[in-house]
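Below is one structure, written out as structure tokens, with a few remarks after it.
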Amino acid sequence: MSETQLYAPREPIFPRRVSGRFRQLKWWIMAVTLGIYYLTPWIRWDRGPNMPDQAVLVDMANRRFYFFWIEIWPHEFYFVAGLLIMAGLGLFLFTSALGRVWCGYTCPQTVWTDLFILVERWIEGDRNARVRLHRAKWDLHKWRLRLTKWTVWLLIGLATGGAWVFYFTDAPTLARDLVQFTAHPVAYVTIAILTATTFVFGGFMREQVCNYMCPWPRIQAAMMDPDTITVAYRDWRGEPRGKKRDADTGDCIDCMACVNVCPAGIDIRNGQQMECITCALCIDACDDVMDRIGKPRGLIGYMALTDESAERAGQPVKSVWRHVLRPRTLLYTAVWASMGIGLVYALFVRSDIELTVAAVRNPTYVVQSDGAIRNIYDVRLRNKQGEDAQLQLSLTSDAALQIALQGQDNTDTVTVPADTTVLQRVYVTADPQASAASRAVTDLRFWVEDLGSGERTSQATTFNGKESQ
Amino acid sequence: MTDEQIDHETGVGTTGHEWDGIKELNNPLPRWWLWTFYACIVWGVGYTIAYPAWPMISGATSGVLGFATRTEVAQDIAVHEAENADLVAALNAADLTELPPTDDLHRYAVARGGAVFRAQCSQCHGQGAAGTTGFPNLLDNDWLWGGDQEAIAYSIRHGIRNDTDWDARYSQMPAYGEIFDDDEIAAVVEYVTSLGNSDFDASLAQAGEGLFMDNCAACHGNDAGGNRDLGAPNLADAIWLYGGDRAALTETVTNARFGVMPAWGQRLSEEDVRAVAVYVHALGGGE
């Protein structure tokens with residue numbers, strides 16, 4: 001009895017070149033997504049002399065996230081969390097409507113693999129040439145082609161890792177430092193790791209990343225239902241497959257074009273399967289063949305499972321919109337949109353200056369030598385503007401209370417430098433005879449006003465008197 | 001592989017293992033996954049040689065790289081001390097009373113002093129520095145020995161009424177229980193009570209005033225406003241270290257009080273003493 005194989009070597013896949021509508025669309029998407037990725041760090045955005053002029057910058061060292069006119073502080077990270085939730089809901093929406101459209105068109109693994117296959121084709125030739133080269137002995141010719149391909153892949157990987165680090169610090173400065181070998185080691189290590197992962201994932205792992213590493217192919221089954229439009233083979237039209245001259249055969253001439261172009265190495269005619277990323281290249285390949293043998297296009301095409309019986313019977317099918325607009329997608333859209341509206345609203349109502357008041361409650365109050373009662377507050381003043389701000393602190397209360405600032409003699413104004421936070425200790429005092437001195441709790445509200453812009457904001461807190469203990 | 005069995009339902013080969021008619025399908029892992037697994041084992045073995053890993057009877061193998069988290073901490077502390085060397089030198093040279101609160105050195109001193117305070121001083125004075133009976137509240141504006149930065153630094157450096165530092169702040173109130181009789185003590189207590197309250201026995205206080213002027217005013221002052229040179233507390237204000245009711249005052253007059261504080265100059269570095277002084281001064285009562 002022979003040994004059962006518990007581990008399988010990877011089956012090499014040599015996708016054939018294909019042209020058509022979807023291939024054209026995918027070229028455009030590749031150009032746009034790669035363009036965004038590589039060029040974004042180089043966009044400049046003037047924020048004034050004290051602030052970075054990079055449009056998109058994740059400034060870890062100073063704990064700021066810049067996105068064009070938006071600046072996110074660490075305590076506003078909910079904006080980023082909100083965007084991530086919107087991205088997740090968007091993915092749900094597109095998956096329930098169009099299946100694995102993210103995987104097939106925009107996933108970085110797909111885009112970079114596509115790019116790597118393009119390079120492979122330029123250097124080693126199309127499918128048949130590559131199959132021959134794969135089987136050939138390792139002679140000078142094969143070494144030359146392989147080394148050329150790997151070098152180009154490595155350069156693409158280097159550019160990929162190189163672009164990544166530019167998002168985290170000023171791109172022109174870092175580019176100069178990188179070339180002069182004076183950049184921080186973290187930058188070089190990051191580039192090295194991302195170069196290696198791009199090289200290995202795009203050049204060698206390819207569909208294995210989707211099949212064995214990525215959880216999304218498994219998860220998205222929960223988002224799909226029979227109304228989801230996805231890539232499928234119309235077997236009632238194609239079967240029984242065979243050569244065209246046989247009278248009783250279907251439209252499929254078993255030319256294997258759909259299999260040969262597939263980057264996942266599967267046969268779409270076997271039905272929906274886990275490995276299919278719905279890249280739609282089999283549609284282009286099959287349409288091409290159908291054109292040539294004079295049959296209508298669409299033997300392989302986008303369709304919904306609910307249309308199958310109608311199509312079989314030759315009856316008209318539901319329109320695309322009837323498939324897309326259904327309770328599930330409307331719900332995803334509604335949640336996604338309300339999340340977005342909420343974020344935009346929060347973005348526009350947020351103030352350029354902020355204060356947070358933390359009442360010092362150890363001790364609850366301090367008795368002064370004249371019997372006056374003092375409460376202490378740690379007030380954090382934030383100036384989110386590009387220039388220094390004169391922030392005036394005041395309080396409002398029904399009771400008579402005096403405000404004084406630690407270390408600031410006879411002034412109620414604090415200078416908060418551009419884009420920084422100042423922690424100011426504030427003393428609030430009630431005279432011995434004042435009601436607030438004896439009462440347990442008195443409400444008060446701290447106000448901060450930007451003397452430059454006149455913008456005001458406030459926070460409520462309480463004052464503890466003697467009866468609080 | 002000629003006799004590999006194929007499962008008819010799934011079209012997948014089986015491993016040949018069978019239990020009660022149930023066969024195990026063989027969906028083989030990719031070969032590279034196996035190699036990744038082996039690589040992790042090799043890495044793991046190398047890691048346990050390079051880094052502390054194997055538990056022994058006492059401690060663990062130290063690893064050939066000599067890595068230890070304690071060494072790392074020591075290095076981090078050394079790095080920070082080197083970075084702060086200039087600030088420390090400036091702090092030791094500074095006139096603390098002239099330090100502007102907006103200055104970086106002031107901020108550094110407050111941060112450093114706060115850390116030292118919480119570790120060394122909070123046991124008696126409290127985490128919030130509010131003190132308790134017998135241990136002064138450092139947040140208010142009443143100071144026994146002086147409330148500017150240098151006076152506070154002196155109190156910290158040399159301590160109060162201790163035997164270890166000749167320069168310690170020192171004073172001692174007599175126990176009037178051995179000098180006065182009970183009526184006289186009650187009269188003095190009533191007079192002291194009358195200084196800050198409206199609710200008192202006027203005739204008894206009148207009797208106490210003479211005793212106070214003869215016996216107490218030398219240190220506490222004719223107006224009972226205290227004397228910082230002697231650490232004599234102000235008896236006319238609203239702040240009482242040992243309590244301001246008649247029972248507490250009677251106890252104080254009868255047996256006297258003798259609060260002590262260690263000479264922290266013998267335990268802390270000069271920069272730590274100065275930093276704590278700046279921190280305490282910035283708590284709210286500093287003069």
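Here is how names work: the chains are called A, B, and so on, in the same order as the sequence lines, proteins then strands, and each is numbered from 1.
- Classification of A/D254 and A/R269 as a salt-bridged pair holds, one side-chain N sitting under 4.0 Å from a carboxylate O.
- With a 4.5 Å cut-off on non-hydrogen atoms, B/N141 touches chain A through its backbone and its side chain both.
- Between chain A and the options B/L34, B/N137, B/L283, the largest number of non-hydrogen pairs under 4.5 Å is found for B/L34.
- Note on A/E120 versus A/R206: salt bridge recorded, some NZ/NE/NH1/NH2 to OD/OE distance being below 4.0 Å.
- The candidate with the highest count of non-hydrogen atom pairs below 4.5 Å against chain B, out of A/R374, A/R10, A/R425, is A/R374.
- With a 4.5 Å cut-off on non-hydrogen atoms, A/Y212 touches chain B through its backbone and its side chain both.
- In this structure, the portion of A/Q406 lying under 4.5 Å from any heavy atom of chain B is its side chain and not its backbone.
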Working for ring-ring contact (aromatic ring centres under 6.0 Å, His included), residues A/F204 and A/W153: CA-CA 11 Å; A/F204 302 97; A/W153 281 357; 5.5 Å; yes
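- No other option in B/A129, B/G131, B/A236, B/P30 has as many heavy-atom pairs under 4.5 Å with chain A as B/P30.
- Judged purely by distance below 3.5 Å, without hydrogens or angles, the side chains of A/N383 and A/Q385 pair a donor atom with an acceptor atom.
- Inspection of the A/Y233 and A/E239 side chains reveals an N or O donor paired with an N or O acceptor under 3.5 Å.
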